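What follows is a set of notes on a single structure, which appears directly below.
If you're wondering where the values come from, they're calculated on a predicted model, not measured in any experiment. Each chain gets a letter, A, B and so on, in the order the sequences are listed, and its residues count up from 1.
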Amino acid sequence: MKSELENQIAEACQQLFGDAARNIEIDLDRPEEQFGDYATNVALKLAKNLGKVPREIAEPLAVKLRETLSRQISEINIAGPGFINIKLKDQVLWEMIKAKPAKSLNGKKIVAEYSDPNPFKVLHGGHLYTSLVGDALANLMELAGGVVNRVNFGGDVGLHVGKTIWSIVNDLGGEHPEKLTQIHDDKKLDWVGEHYVKGNTAYEQNENAKTEIIYINQRIYELHKTNDQASQLAKIYWTCRQWSYDGFEQLYKQLEMKPFDKYYPESEVADLGLETVRQHIGSVYEKSEGAVIYRGEKHGLFTQVFISSEELPTYAAKDVGLIFKKQRDYSPDQSFIITDHAQKDHLTVVLQSIKEFAPELAEATTHLSHGQIKMTGGGKMSSRSGNILKATDILQAARSASVSLPGRESPETVLAAVRYAFLKNRIGSDIIYDPKESVSLEGNSGPYLQYAHARACSIIKKASVVKNMAGKMGTDRIMEPGERTLALKITEYVEVIDKAVIELLPHLICTYLYELAQDFNHFYESNRVLNDPRQAIRLQLVSDYASTLSNGLKLLGIAAPQQM
RNA sequence: GCACCCGUAGCUCAGCUGGAUAGAGCGUUGGCUUGCGGAGCCAAAGGUCGUAGGUUCAAAUCCUAUCGGGUGUACCA
């Protein structure tokens with residue numbers, strides 16, 4: 001409906017003002033309720049081209065629109081400096097409520113890579129954020145008709161693994177995999193994570209340790225090459241690796257994320273990356289000080305090492321391998337990599353280098369970056385120093401906060417609190433995580449939305465129990481002001497979703513759903529539904545509202561229970 | 001040093017393809033008569049939109065400079 005109106009307005013402008021209005025874009029937006037349902041500022045925009053006062057343009061335009069849009073529109077006014085405010089007929093609102101979001105990505109093959117935790121390291125708050133944002137973005141693209149493959153990338157080889165394994169071997173008093181059985185199930189992940197921190201400290205402070213770690217790192221690459229499952233070191237490696245992957249799976253399950261279609265361990269893309277980079281030494285990459293590098297300076301970036309002087313691929317070469325591997329596996333129309341903002345420059349360099357020999361692939365790959373999770377009171381998170389906020393800590397904080405409210409500790413509510421807290425901010429800036437506040441169940445929160453849904457469902461349920469309560473709506477279905485406000489807000493849903501898809505901004509949905517729930521709560525206070533003469537219309541609205549809210553929440557990965 | 005991101009109420013954030021009195025939540029203060037779930041609703045107080053210029057009929061929004069914070073910047077990911 002919105003774009004239909006926009007087109008009609010554009011046409012009217014051209015008819016009235018000719019070429020001056022040819023390239024003008026019509027933006028209908030949702031003004032404050034006092035002004036109307038939609039508003040446009042075309043008259044203000046055209047004023048300059050036409051050398052007229054905005055109102056001189058708005059007036060004939062309004063007259064024209066009253067004719068051409070007589071079916072849809074009940075009122076058109078000019079207000080303020082020259083805004084044209086439009087009020088729709090109630091029947092049109094009822095039609096709009098039934099509209100579905102656009103299939104703007106219909107049939108497009110899309111790969112979404114996100115979460116990307118590293119085995120042998122802790123899965124921290126940043127990974128949790130990436131996971132939830134990625135899940136929501138993938139849902140959005142799927143809703144718009146995209147064929148989305150969700151993939152997950154992680155470093156199961158590389159120096160960080162060397163550090164962890166080195167420390168583990170030290171702790172076990174040598175390469176004694178049999179001693180791993182002493183580690184309790186609940187402790188495994190933390191134990192491995194702690195060894196990364198210890199290994200890293202040793203690497204930085206102790207030359208001997210550093211040498212040993214570099215050697216272990218090489219042995220681990222070797223172990224992949226020879227498919228060694230049997231040596232003592234291999235047993236330690238594969239066991240701990242599996243612990244990590246099991247831990248990831250368990251967490252994703254808890255988060256109720258849609259399952260990943262594929263995991264790409266670095267070990268599976270390292271060779272492809274190495275090979276690809278080597279093929280373009282001389283033309284794209286170059287040798288320098290024993291390493292293979294790409295000079296990003298020519299594009300205002302920086303030099304990045306792709307292959308180290310130990311002949312091992314760095315994460316840059318692995319990313320090259322990954323990008324090509326995803327291409328081979330899925331040949332997507334569009335490939336998204338969703339990570340922390342800290343990866344931005346690195347990926348820009350990687351993509352810039354690929355652009356030189358595979359421009360289409362580089363063009364089809366988009367990096368979406370988000371901010372970081374920080375604790376209140378500052379303090380930087382670093383998995384190297386061990387000063388980190390683990391994903392499980394956040395979930396645990398959410399759980400304990402909600403347990404303090406009797407009878408409200410359901411997993412659905414806790415998850416809603418966390419997911420919503422992470423998604424409601426615009427992607428891009430950092431999130432300040434306050435365990436207490438972010439998990440609070442009041443105000444602009446996931447549980448507030450769930451509650452606002454459950455209340456509506458409760459009304460619907462009561463109405464369905466008593467058969468004769470349905471009543472009739474009457475054919476005109478004219479709404480009272482309180483009803484109309486809610487109806488109008490419901491019609492905004494498809495517009496918000498469409499915008500969120502185009503701009504890839506899930507928080508727009510959060511903002512909208514919160515406003516929608518507020519409008520419903522407001523409606524609820526002053527409009528009796530059951531046993532009211534207007535029951536039929538109101539019940540219809542409540543039901544449309546509930547399904548709209550539920551659909552929106554599900555997109556965000558938040559359950560919409562009928563009762564809480 | 002260079003590059004990128006951020007700076008809106010006490011706190012956490014919307015608003016940023018320029019437009020009508022800058023909006024929420026938390027917190028504070030004061031209300032909500034037996035009614036569909038009070039995890040709710042209403043109201044009040046609280047803002048030189050970091051600062052200074054510029055473009056414009058119109059700037060939180062665009063441009064420039066500047067200050068403050070963050071991230072990245074050759075062999076970690």
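Distance from the side chain of A/Gln372 is smallest for B/U71 among the nucleotides B/C36, B/U71, B/A74. Set against B/C36, B/G40, B/U73, the side chain of A/Val529 has B/C36 as its closest nucleotide. Checked against B/A77, B/G37, B/A74, the side chain of A/Glu289 finds its nearest nucleotide in B/A74.
With sequence neighbours excluded, the residues that form a ring pair (Phe, Tyr, Trp, His ring centres under 6.0 Å) with A/Tyr524 are A/Phe520. Residues that satisfy the ring pair (Phe, Tyr, Trp, His ring centres under 6.0 Å) test with A/Tyr245, not counting sequence neighbours, are A/Phe248, A/Tyr263. A search for salt bridge (Lys or Arg N to Asp or Glu O under 4.0 Å) contacts involving A/Asp156 returns A/Arg241, not counting sequence neighbours. Considering only residues two or more places apart in sequence or on other chains, A/Tyr114 meets the ring pair (Phe, Tyr, Trp, His ring centres under 6.0 Å) condition with A/Phe260. The side chain to side chain donor-acceptor pair (under 3.5 Å) search around A/Thr303 returns A/Glu297, not counting sequence neighbours. With sequence neighbours excluded, no residue satisfies salt bridge (Lys or Arg N to Asp or Glu O under 4.0 Å) with A/Arg426. With sequence neighbours left out, A/Glu442 forms a salt bridge (Lys or Arg N to Asp or Glu O under 4.0 Å) with no residue at all.
In this structure, A/Leu347 places its CG atom 15 Å from C1' of B/U73, rounding to the nearest Å. Distance A/Lys424 NZ to B/G15 P: 13 Å, rounded to the nearest Å. Between the NE2 atom of A/His367 and the C1' atom of B/A3 there is a distance of 16 Å, given to the nearest Å. In this entry the distance linking NE2 of A/His453 with C1' of B/G37 reads 14 Å, nearest Å.
Between the base of B/C75 and the side chain of A/Ser309 there is a donor-acceptor pair shorter than 3.5 Å. Remark: the A/Gln343 side chain and the B/U71 base include no donor-acceptor N/O pair separated by less than 3.5 Å.
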Quiz: residues 77-84 of chain A side-chain donor-acceptor pairs under 3.5 angstrom, not counting sequence neighbours:
from    : atom 1 : to      : atom 2 : distance (Å)
A/Asn77 : ND2    : A/Glu75 : OE1    : 3.4

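Taking the C1' atoms as reference points, B/U55 lies 22 Å from B/G15, given to the whole Å.
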Distances for protein N or O near nucleotides 27-31 of chain B N or O, under 3.5 Å:
none

What are the atom names and distances for every N/O pair under 3.5 Å that joins the protein to nucleotides 59-69 of chain B?
none

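With centres under 5.5 Å and a plane angle under 30°, the ring of A/Phe35 is stacked against the base of B/A20.
A heavy-atom distance below 4.0 Å to RNA chain B is reached by these residues of residues 517-525 of chain A, ordered by number: A/Gln518, A/Asn521, A/His522, A/Tyr524, A/Glu525.
Taking the centre and axis of the six-membered ring of A/Tyr203, the NZ or CZ atom of A/Lys163 falls inside the cone set by 45° and 6.0 Å.
Counting any heavy atom pair closer than 4.0 Å across all strands shown, A/Asp319 reaches no nucleic acid atom.
No hydrogens or angles considered: a donor-acceptor pair under 3.5 Å links the side chains of A/His346 and A/Gln304.
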If pairs are Watson-Crick or G-U with both distances under 3.5 Å, what is the dot-bracket string of RNA chain B, marking crossing pairs with [ ] and pairs to another strand with |? ((((((((.[[[[.)...(...]]]].(((((.......))))).....[[[[[..)....]]]]])))))))....
